[in-house]
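Quick note on labels: first sequence line is chain A, next is B, and so on, each numbered from 1.
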Amino acid sequence: KAGVTQTPRYLIKTRGQQVTLSCSPISGHRSVSWYQQTPGQGLQFLFEYFSETQRNKGNFPGRFSGRQFSNSRSEMNVSTLELGDSALYLCASSTRGGNYGYTFGSGTRLTVV
Amino acid sequence: GESVGLHLPTLSVQEGDNSIINCAYSNSASDYFIWYKQESGKGPQFIIDIRSNMDKRQGQRVTVLLNKTVKHLSLQIAATQPGDSAVYFCAEPNQAGTALIFGKGTTLSVSS
């Protein structure tokens with residue numbers, strides 16, 4: 001079966017702009033979690049969506065937001081981009097969410113200049 | 001606070017050697033630990049997990065050991081191959097059980 005698909009793979013944005021990243025989970029998976037990966041901080045949890053509802057949220061500013069659609073596809077948005085937002089953004093889907101049974105996508109590499 | 005750390009950022013081995021990657025965790029209440037492998041340009045891939053009621057679990061060429069007394073995890077890879085070259089992360093659930101906390105990662109380099 002198809003894995004977790006993230007688009008786009010690479011993105012370059014300017015400070016102050018906003019960006020939207022997309023994640024299509026494995027068919028049948030209702031939970032989508034987002035993580036930010038940077039060399040300095042490693043992998044950090046952003047938020048989780050389950051059945052179109054944000055169920056859990058990490059310690060990130062309000063500029064980071066997301067949503068989930070009825071087909072379980074999820075988008076995350078970052079507004080007013082800062083240089084420090086440059087990172088690999090990873091999406092993981094699972095059947096029941098929380099922290100079990102994650103399958104990760106290959107990520108979107110965001111560079112803010 | 002919650003944290004999962006690794007002892008060494010890099011590990012270099014020869015093909016055919018056995019590799020041991022270590023991880024220390026801080027939350028003694030954690031009941032579940034996972035090892036992930038991340039290859040260049042890809043997301044983390046599940047390798048093996050272990051529950052806190054176990055000391056050892058074996059997979060295909062991999063073994064995870066859990067020492068709850070000293071809060072230490074290790075991943076052993078037998079007969080390491082060039083395809084094992086990647087960054088390895090240990091992870092545990094956060095206290096609320098809502099997300100995973102990842103260690104900083106160990107980069108394994110296998111030379112042939």
key: Segment of A:Arg9 engaging chain B (4.5 angstrom heavy-atom cut-off)   = side chain

Contact origin within A:Leu90 toward chain B - heavy atom pairs under 4.5 Å = side chain

ask   = Contact part of B:Gln38 toward chain A, heavy-atom cut-off under 4.5 Å: side chain, backbone, both or neither?
value = side chain

inquiry  = Under 4.5 Å from any heavy atom of chain B, what part of A:Gln37 do you find: side chain, backbone, both or neither?
reply    = side chain

task = Report yes or no: do B:Ser74 and B:Asn22 form a side-chain donor-acceptor pair below 3.5 Å?
result = no

Output field: ring centroids B:Tyr36/A:Tyr102 closer than 6.0 Å = no

request  = Determine the option with the most heavy-atom pairs under 4.5 angstrom with chain A, choosing from B:Gly41, B:Gly43, B:Pro44.
outcome  = B:Pro44

message = I need the single residue from A:Ser33, A:Ser94, A:Ser31 that forms a side chain to side chain donor-acceptor pair (under 3.5 Å) with A:Glu48. Which is it?
response = A:Ser31

query = For the side chain of A:Gln68 and the backbone of A:Arg30, is there at least one donor-acceptor N/O pair under 3.5 Å apart?
reply = yes

key: Passing candidate, salt bridge (Lys or Arg N to Asp or Glu O under 4.0 Å) with A:Glu82, options A:Arg15, A:Lys13, A:Arg63   = A:Arg63

